[in-house]
Amino acid sequence: MTAARAAQVRIGVSGWRYASWRGDFYPRGLPQRRELDHIGQHFPTVELNGSFYSLQRPDSYRRWRSEVPDDFSFAIKGSRYVTHMLRLRDTEQALANFFASGILALGTQLGPILWQLPEREKFDAGVLERFLDSLPRTTGDAQKLAMTHDSRLDGRAWTELESDQPIRYAIEPRSQTFDDPEALRILSHHGASLVIADTAGRWPRFDALTSEVVYVRLHGAQMLYHSAYTAAELDEWADLLCAWSDGTGAGDGRPRDVYVYFDNDARGHAPHDAAALQALVAARTGS
């Protein structure tokens, strides 16, 4: 019998512009314009979170891409206008503007797109189904949608297509109502990942694997955004990541690509914990 293929495990951080990292993870005197370059030297991925707060510009996406290695991957945090204001309803124009804002300029370095839902957003099967139906499945579909952007993006839209490739999505709900077999069925049907989030008990943790990608967000085990991960906690996560990537930790035995982002950045722990977990996974996989 052929051994199961070990999929990729990519470990990184959520964002990179943090004052507390300067003179610590970032060497003293490193210019701020070189910080993403430094991230790219240490990690294979980053979660871009500025896109959550506002539409970014194509020049920014192009610059970020130029500052990292060719095999680096950007996960994109979806617009809070879609998730928190529209609450996943009537999102077609907002999605068109989002995809026209420069995301396609990342080309082959576009990773998963994360949609983080507010705690007040309860599971509604119809709402979730319609939203996932509305998302473009490929960058080619995203290009067509982006071309319908409104006048707010006139003169600052990016609708060029480098290659047609699948787009993968992850949903991070913060309401316990998503612990529902119908929610899992809908996510699985659309190939969307249910985010596995460690939030120091503040929000529910979901562990179901609903797609070919596992998306993990580590916000802190003891104190939300503030606490460092202990050696024992990192060991436990390393075991889980390796089991998901080689299929032994999945009910169907299929290997999954795993994306992990540390968000415990309030005291500067995120990059150090990410580096430590990356070393543990490498030691287990021999990579």
Side-chain angles (χ1 to χ4, degrees), residues 1-12 14 43-48 71-78 88 95 99 103-104 106-117 123 125 128-129 131-142 162-173 178-198 205-218 237-262 277-278 281-282 284-285 287:
M1 179 180 294
T2 303
R5 171 187 71 87
Q8 285 190 322
V9 178
R10 290 177 174 264
I11 298 170
S14 181
F43 304 114
T45 188
V46 76
E47 186 181 80
L48 200 158
D71 59 352
F72 190 88
S73 177
F74 291 90
I76 309 296
K77 192 171 181 182
L88 309 184
L95 288 172
F99 282 101
I103 291 169
L104 294 175
L106 293 175
T108 58
Q109 292 178 251
L110 174 62
I113 296 177
L114 166 72
W115 301 101
Q116 178 189 292
L117 309 184
F123 170 61
L128 182 62
E129 186 88 59
F131 175 67
L132 293 175
D133 272 338
S134 73
L135 295 175
R137 308 315 304 172
T138 68
T139 52
D141 293 337
E162 181 176 311
S163 62
D164 195 6
Q165 63 196 52
I167 301 178
R168 298 184 282 191
Y169 297 100
I171 306 290
E172 183 181 14
F178 278 79
D179 185 15
D180 185 308
E182 181 64 4
L184 301 185
R185 185 199 67 76
I186 292 170
L187 290 167
S188 297
H189 175 71
H190 289 274
S193 303
L194 179 62
V195 170
I196 298 169
D198 187 19
R205 173 170 160 177
F206 304 100
D207 291 295
L209 305 184
T210 58
S211 83
E212 298 305 306
V213 170
V214 181
Y215 197 115
V216 181
R217 304 189 82 213
L218 301 178
W237 279 110
D239 287 341
L240 286 171
L241 304 184
C242 291
W244 290 325
S245 70
D246 67 16
T248 59
D252 56 13
R254 297 203 310 269
R256 270 134 170 115
D257 288 328
V258 183
Y259 291 80
V260 184
Y261 300 99
F262 281 86
L277 183 59
Q278 188 168 248
V281 170
R284 284 164 168 76
T285 61
S287 60

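Note that these values count all heavy atoms, side chains included, but never hydrogens, waters or copies made by symmetry. Along the sequence shown, residues carry numbers from 1.
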All heavy atoms of Y215 vs all of A75, minimum pair found to be OH-CB, 3.6 Å
Are V258 and V281 close enough that some pair of their side-chain heavy atoms sits under 4.5 Å apart?
-> no
Spacing of CD1 belonging to I76 relative to CD1 belonging to I167, to within rounding of 0.5 Å = 10.5 Å
Shortest non-hydrogen contact between V195 and A170, atoms and distance = CG2-CB, 3.8 Å
Non-neighbouring partners of Y259 that pass ring-ring contact (aromatic ring centres under 6.0 Å, His included), sequence neighbours left out = none
Separation between OG1 of T285 and CG of D246, rounded to the nearest 0.5 Å | 10.0 Å
Would a 4.5 Å heavy-atom cut-off, applied to side chains only, mark L110 and I103 as touching?
-> yes
Provide the closest heavy-atom pair for G78 versus W115 in the form atom of the first, atom of the second, distance.
-> CA-CZ3, 3.5 Å
Pairing residues for F178 by the ring-ring contact (aromatic ring centres under 6.0 Å, His included) criterion, not counting sequence neighbours = F123
State, to 0.1 Å, how close T210 and A192 come at their nearest heavy-atom pair, and which atoms those are.
-> OG1-O, 2.6 Å
With sequence neighbours left out, what residues match S134 under side chain to side chain contact (heavy atoms under 4.5 Å, CB included)?
-> T91, L95, F131
Distance col, row D207:CG vs L194:CG, nearest 0.5 angstrom, shows 8.5 Å
Side chain proximity check, I11 to V216, heavy atoms < 4.5 angstrom = no
List for me each residue that meets ring-ring contact (aromatic ring centres under 6.0 Å, His included) alongside F99, sequence neighbours excluded, and say none if there are none.
-> none
Minimum side-chain heavy-atom gap Y169-R137 below 4.5 Å | yes
Evaluate the side-chain proximity of R168 to D257: yes if any heavy-atom separation is below 4.5 Å, no if none is.
-> yes
Please tabulate, one pair per line, all N/O donor-acceptor pairs under 3.5 Å involving side-chain atoms of residues 237-244, not counting sequence neighbours.
unit_1, atom_1, unit_2, atom_2, d
D239, OD1, R284, NE, 2.8
D239, OD1, R284, NH2, 3.1

Under the salt bridge (charged side-chain N to carboxylate O under 4.0 Å, His left out) rule, collect the residues that match up with R217, sequence neighbours excluded.
-> E47, E172
